[in-house]
Amino acid sequence: MAELIIREARREDIDEIVTLEEQCFATPWSRESLEHDMFHNAMSGYIVAELENRIVGYMGFWVIVNEAHVNNVAVSPEHRRLHIGSALIDMFLKYADSNGFDGETLEVRVSNSPAIGLYTKFGFEEAGVRPKYYENGEDALIMWRNKK
């Protein structure tokens, strides 16, 4: 397998990130929303997974005071189960730890057991539920990784 590169997203990655967003989510963020978040929101950060000069995954997050909120983790359907999601989360948590964040949080569909298992592997714990959070009425599980 070719070398997987995890790096900060760049402006030229936007087309592939939009494609991933559309492939991976029932209600994807619009190109305009992604561009605004990536290039005009000082609180946001984006990292990508690159394989053979192609973006095969990405992760977006916001830094709010001393915590990080994960917005999206996406891996192309044909590249799932290759530990790309793990590599993205690992890089994100190293960044969070090196910047002294008190904790990291995210929401995940209660039905998405593979993602819940992945987040649990990295120390995220269930902290509550957001009823009817998603457009189809599905609840979101709130997960936190706290260091204090």
Side chain to side chain donor-acceptor pair (under 3.5 Å) contacts touching residues 17-29 (sequence neighbours left out): E21-Y58, E21-N72, T27-E135

Does a side-chain heavy-atom distance below 4.5 Å link M38 with I17? yes

Quick one: OG on S33 to CG on N41, what's the gap to the nearest 0.5 Å? 11.5 Å

Does Y133 reach the side chain of D139, with side-chain heavy atoms less than 4.5 Å apart? no

Closer than 4.0 angstrom, basic N to acidic O: yes or no for R54 and E78? yes

Tell me, which pairs form a ring-ring contact (aromatic ring centres under 6.0 Å, His included) where one or both residues lie in residues 64-92, sequence neighbours left out? F61-F92

For the atom pair CD1 (I5) and CG (L51), what is the distance rounded to the nearest 0.5 Å? 8.5 Å

Main-chain N/O of I55 paired to E16 side chain as donor or acceptor, under 3.5 Å: yes

Any donor-acceptor pair under 3.5 Å from N99 side chain to Y95 backbone: yes

Is a side-chain N or O of E67 found less than 3.5 angstrom from the main chain of T105, in a donor-acceptor match? no

Do E125 and R145 sit within salt-bridge range, that is, some charged N less than 4.0 Å from a carboxylate O? no

As a quick check of understanding, evaluate salt bridge (charged side-chain N to carboxylate O under 4.0 Å, His left out) for R130 and E107, giving each step before the final call. CA-CA 8 Å; R130 292 194 198 283; E107 288 93 6; 2.9 Å; yes

Identify whether the distance between the nearest side-chain nitrogen and carboxylate oxygen of R31 and D15 falls below 4.0 Å. yes

Nearest heavy-atom approach of F25 to A74 is CE1-CB, 3.8 Å

Atom pair CD1 (I47) and CZ (R7), whose distance is rounded to the nearest 0.5 Å: 11.0 Å

Identify whether F101 and V65 are in the same connected component of the hydrophobic contact network (ILVMFWY, side-chain heavy atoms under 4.5 Å). no

Shortest non-hydrogen pair, A9 vs V48, comes out as CB-CG1, 3.8 Å

Looking at G103 and W144, what are the two nearest heavy atoms and their distance? C-CZ3, 4.1 Å

Cluster check I84, I116: I/L/V/M/F/W/Y, side chain < 4.5 angstrom: yes

Are F39 and L34 in one and the same hydrophobic cluster, where Ile, Leu, Val, Met, Phe, Trp and Tyr link if side-chain heavy atoms are under 4.5 Å apart? yes

Ion pair check, K121 and D90, cut-off under 4.0 Å: no

I would like to know whether L93 and E104 meet side chain to side chain contact (heavy atoms under 4.5 Å, CB included); could you show each step before the answer? CA-CA 8 Å; L93 294 176; E104 298 80 36; 3.8 Å; yes

Shortest non-hydrogen contact between P77 and C24, atoms and distance: CD-SG, 4.5 Å

Short question: side chain of N112, backbone of R109 - any donor-acceptor pair under 3.5 Å? no

Give a yes-or-no answer on whether the side chains of D37 and Y46 include a donor-acceptor pair shorter than 3.5 Å. yes

Closer than 3.5 angstrom, by distance alone: can the side chain of R80 be matched with the main-chain N or O of V75 as a donor-acceptor pair? yes

For the student: nearest non-hydrogen atoms of V108 and A115, plus distance: CG2-CB, 3.8 Å

Same cluster for L88 and V63 if Ile/Leu/Val/Met/Phe/Trp/Tyr side chains link at under 4.5 Å? yes

Minimum heavy-atom distance between A140 and Y134, given as atom pair plus value: CB-CE1, 3.6 Å

Would V70 end up clustered with L118 when hydrophobic side chains under 4.5 Å apart are linked, directly or stepwise? yes

Go through the steps for E126 and I142 under the test side chain to side chain contact (heavy atoms under 4.5 Å, CB included), then give the verdict. CA-CA 6 Å; E126 296 180 20; I142 304 165; over 6 Å; no

To the nearest 0.5 Å, what is the distance between CD (E35) and OG (S30)? 8.5 Å

Applying side chain to side chain contact (heavy atoms under 4.5 Å, CB included), can you list everything that pairs with A87, at least two apart in sequence or on another chain? L4, I6

